[in-house]
Chemist: 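Just passing along the structure, written as structure tokens.
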Number of protein chains: 2
Amino acid sequence: MRFRAITAYDGAGYYGFQRQANVAPTIQAEIEAALARISGQAVRVTGAGRTDAGVHATGQVIAFDLDWRHSAEDLRNALNATLPESIAVREVSPTGGTFHPRYDAISRTYVYRLYAAQVRDPLRRNRAWHVKADKLDLEAMQVAARALLGEHDFSTFGSPPQGENPVRNVFEARWGVGDEYCFTITANAFLYRMVRHIMSTLVRVGLARMTPVQFRDILAARDPGLVRALAPPYGLTLVAVNYADEPSGDAEAVMQQADQG
Amino acid sequence: MRFRAITAYDGAGYYGFQRQANVAPTIQAEIEAALARISGQAVRVTGAGRTDAGVHATGQVIAFDLDWRHSAEDLRNALNATLPESIAVREVSPTGGTFHPRYDAISRTYVYRLYAAQVRDPLRRNRAWHVKADKLDLEAMQVAARALLGEHDFSTFGSPPQGENPVRNVFEARWGVGDEYCFTITANAFLYRMVRHIMSTLVRVGLARMTPVQFRDILAARDPGLVRALAPPYGLTLVAVNYADEPSGDAEAVMQQADQG
């Protein structure tokens, strides 16, 4: 029987989602090991997105085939009792035999957290990017972010898998308010490291080192040479992957998955 | 010259604040090592409170004597460049030669974070207590917490240093609202493990296993045998220590220190 599950993990200490030869630990390898331990079966897990080393998830979607005679809730509980504390399965449900978490997804949502302060905050270590400044210009960053909305060639901010199209469609790109700067971005798909390149550049806008107009121009230039830095992975969380068979909207309540942010 | 500093730390992985023979690492030992490295002097640090293993701080106050020819800001920056990522110094200022972070404090403020959910959240691991329940009765916990206000013998919830008085004066004890349950408590001082015993008991109220009236009664009973469990340390953060020479109120903006919560 095929199962679909929403997983959450603290990416600190992992080499990303995808299992790698000779490099442990990864999220995928831990979940496959837990499935093997509780079922005695060699199970291969497919993920919606290959989050990078250090990137977190609250809504990574996975799928796997398993012979299981108990309930889906029993499977969830058995997995959570077996997985390390840094990984949890939020929901498990039976799904159609053809469901593929990556190919079937219609959009993915990432959140990036950062804070501006002269002194780093040890309790946000591995959780949010520390920008050494008294404050950022939130309005300028908000204006700049609007340039991301809609269909664009995002070559400036990331690269597509070999030979693929670098055009992506961004549905949502906005800063939230709170005690930290929190940026939410939803697109049909993301190029490799696209979100982290966008973040390092938006922070330049927030530091008044770039104007919102210049931000729009470098997006239009489709030139990765214009982006100087990669924001750290630990500020990034994959929060949602959306599928056509589910209501979109409340990212927390929706089943989800994502690709390389 | 004597200095006073506000420190913040992630208590995960430390054996508490206080340096211990044969047990490393501790917060105090790390700060003393950093001071030795930047100054070449053997410096003894005094802390406002001996937070337990796993307990965090955003407002632990320390004091130490140091020969230093540069500015207090230079000292802060040198310390932050030398300390591990899990410890930071928020502010450093010269202080009178008689200042003692513990004896001079007039109150301390702790925050305890927890969340109710069927599945644990990996991103709150080591940060908040996971209570396996769909929800807690916030109003009952709020009513129960009011019994803590004022001067009481808190023997039910903690023990004083040998031969000392178990009476403490609680100025503030309230639940906040948000995506997690967040309890703030301020008192002139705390008994050993008092906050964590109060938390485990308030959660019993939230789970409808105890009424607010019963909570008030066990406080009045002054009997530690009535408290069944100790809430985990990682939900607890020392956020403020208040001194007579400073405006009280905004815990984040005030200089602070604390004892055994």
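Computed from heavy atoms alone, side chains included, the values below leave out hydrogens, waters and symmetry copies. To find a chain, count down the sequence lines: A is the first, B the second, and so on, and within it residues start at 1.
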Chemist: For a quick test of reading the model, state the closest non-hydrogen atom pair linking A/Ala88 to B/Pro122 and the distance between them.
Modeler: N-CG, 3.5 Å
Chemist: Between B/Leu123 and chain A, with a heavy-atom cut-off of 4.5 Å, which part of the residue counts as in contact: side chain, backbone, both or neither?
Modeler: both
Chemist: Given a strict heavy-atom distance threshold of 4.5 Å, which part of B/Ala57 is in contact with chain A: side chain, backbone, both, or neither?
Modeler: backbone
Chemist: Just by distance, which donor-acceptor pairs between chain A and chain B come in under 3.5 Å?
Modeler:
{"from": "A/Asp10", "atom 1": "OD2", "to": "B/Arg125", "atom 2": "NH2", "distance (Å)": "2.8"}
{"from": "A/Asn80", "atom 1": "O", "to": "B/Arg120", "atom 2": "NH2", "distance (Å)": "2.8"}
{"from": "A/Glu85", "atom 1": "O", "to": "B/Arg120", "atom 2": "NH1", "distance (Å)": "3.3"}
{"from": "A/Ile87", "atom 1": "O", "to": "B/Arg120", "atom 2": "NH1", "distance (Å)": "2.7"}
{"from": "A/Ile87", "atom 1": "O", "to": "B/Arg120", "atom 2": "NH2", "distance (Å)": "3.2"}
{"from": "A/Arg120", "atom 1": "NH1", "to": "B/Glu85", "atom 2": "O", "distance (Å)": "3.3"}
{"from": "A/Arg120", "atom 1": "NH1", "to": "B/Ile87", "atom 2": "O", "distance (Å)": "2.8"}
{"from": "A/Arg120", "atom 1": "NH2", "to": "B/Asn80", "atom 2": "O", "distance (Å)": "2.7"}
{"from": "A/Arg120", "atom 1": "NH2", "to": "B/Ile87", "atom 2": "O", "distance (Å)": "3.2"}
{"from": "A/Leu123", "atom 1": "O", "to": "B/Arg127", "atom 2": "NE", "distance (Å)": "3.3"}
{"from": "A/Leu123", "atom 1": "O", "to": "B/Arg127", "atom 2": "NH2", "distance (Å)": "3.4"}
{"from": "A/Arg125", "atom 1": "NH2", "to": "B/Asp10", "atom 2": "OD2", "distance (Å)": "2.7"}
{"from": "A/Arg127", "atom 1": "NE", "to": "B/Leu123", "atom 2": "O", "distance (Å)": "3.3"}
{"from": "A/Arg127", "atom 1": "NH2", "to": "B/Leu123", "atom 2": "O", "distance (Å)": "3.4"}

